[in-house]
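Report on one structure; see the data block that follows.
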Amino acid sequence: MRRWWQQENAGDWALVLSGGGARAAYQAGVIRYVAEAFPDRAFTILAGVSAGAINAAQLANHTGTFPEAAERLVQTWRAVRLEDVVAPVSRWQVLRTLLRRARDDDQPLPENTLRGLVDNAPLRAFLKRHLQTTDGRLHGVAFNLKRGTLRAFAVTTTNYSTGQSVTWVEGRNIENWERPDRRGVQTELTVEHILASAALPFVFPAIRLGDAWYGDGGISLLTPLAPAIHLGADAILAISTRYKRTQEEGNAPDVVGYPPAAQILGMLLNAIFLDTFDQDAAMLERINRLVRQLPPHQRQGLRPVRLLILRPSVDLGKLAAEYPPPTQGALRFLTWGLGATETKTPDSLSMMLFEPDYIARLLEIGYEDARRQHDHLAEFLERAPRRPPGNGHAEASLVFSGAQAPRVAQ
């Protein structure tokens, strides 16, 4: 049902957030400007993968206005420290993890056994604190769905048993989808789903959801825009953390001599988590052109989907080289031990660089990049749905009798 504050035929507009670890702070800077410049616009579909799922969860779970949600997201990034993401792990614990022999199913590993190179217990506690939940449920999401300012919130994970890309969706009037390599499943999203989506392989432990173990959604998500399209998005604003190099920059070597392991690892992480974003966007644009050339009765259910991608104006990986790398056991191994300091573009380092000055710089770059794209944003968001004035609590209580708004995080 169309709410009184929405434009007629505005459709559903999606905000899609890619991964990138610590680099996802850039997205928060972009969102802050969008909310400041267009405070009444509503993204009724929120979809994220990996670190982008953390940002999407913050927005979907906040029950205040769009600018308040954006400001809260920025403050969360300003508050994060490396110790909020991983627990200190000695090099001997890392070695035992790498050398541990597999056990039989009737002899499961103890619950306190380190399953990845780092312990993600601090990240779980950090997310619960900033998402204001003690039981792991995202209560604000349910409230926003009831009052109509949100139609769907989705995060994508990888099923380590089947290799499938599984998108978990909490929403209204949602239909599951099934493909050989990807599935959409309606459920009540929790902090565990967010942790699973952001579980960088080998580094973070897999997360158990139901009867299977899941990890970072970027591993098998070959079409990052597909979840939003499955959910009915008519337009998508996508925020990538991948810098698009010029031809001259692309031809310039980042290392001299034999490439260190960190250089190869960084290329693999970009290929897995970020490059598919651009490939999917190019495919969508081609499909849009073809669909627009067909009369409506020949489109066989296909529809053009508007797309605007915002991306960094500077190389966030190269920027990371200006800041001191982590010195803790496992993360020191992933940076110094693999030669991250030997490359001009330490992409693998940038994803784990939860360093306050680096985060602050990413927030600033994101805000300024969005500000420079103001005219494109204004044109793109001209027909986007409008949010209600204020926080919408009064309207929600009128439409949904008995609904109680969770406390607004400030």
In terms of relative ring orientation, are [X] and [Y] parallel, tilted or perpendicular, with 30° and 60° separating the classes?
X: His374; Y: Phe38; value: parallel
X: His230; Y: Trp177; value: parallel
X: Trp168; Y: Tyr214; value: perpendicular

### Task
Report the residues that fulfil side-chain contact (heavy atoms from CB on, under 4.5 Å) with Val314, sequence neighbours left out, ordered by chain and then residue number.
Leu316, Ile365
For the [atom1] atom of [X] and the [atom2] atom of [Y], what is their distance to the nearest 0.5 Å?
X: Gln58; Y: Leu46; atom1: CD; atom2: CG; result: 12.0 Å
X: Leu363; Y: Gln27; atom1: CG; atom2: CD; result: 11.0 Å
X: Leu145; Y: Thr44; atom1: CG; atom2: OG1; result: 10.5 Å

### Query
If you take all heavy atoms of Pro201 and Asp216, which pair is closest and at what distance?
CD-CB, 4.0 Å
### Task
Evaluate side chain to side chain donor-acceptor pair (under 3.5 Å) for Gln373 paired with Tyr33, printing each intermediate quantity in order.
CA-CA 10 Å; Gln373 295 293 323; Tyr33 179 80; over 6 Å; no
### Message
Looking at Glu188, I want to see if its CD is surrounded by more than 12 non-hydrogen atoms of other residues, nucleotides or ligands under 6.0 Å.
### Response
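Atom CD in Glu188 is packed in, count exceeds 12.
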### Query
Looking at His376 versus Phe380, is the centre-to-centre ring distance below 6.0 Å?
no
### Message
Please evaluate residues Thr157 and Ser197 with respect to the criterion side chain to side chain donor-acceptor pair (under 3.5 Å), reporting the C-alpha separation (whole Å), side-chain torsions for both, the decisive distance (0.1 Å), and the verdict.
### Response
CA-CA 5 Å; Thr157 62; Ser197 183; over 6 Å; no
### Query
Phe126 and His130: ring-ring contact (aromatic ring centres under 6.0 Å, His included), yes or no, with the steps?
CA-CA 6 Å; Phe126 183 83; His130 284 268; 4.2 Å; yes
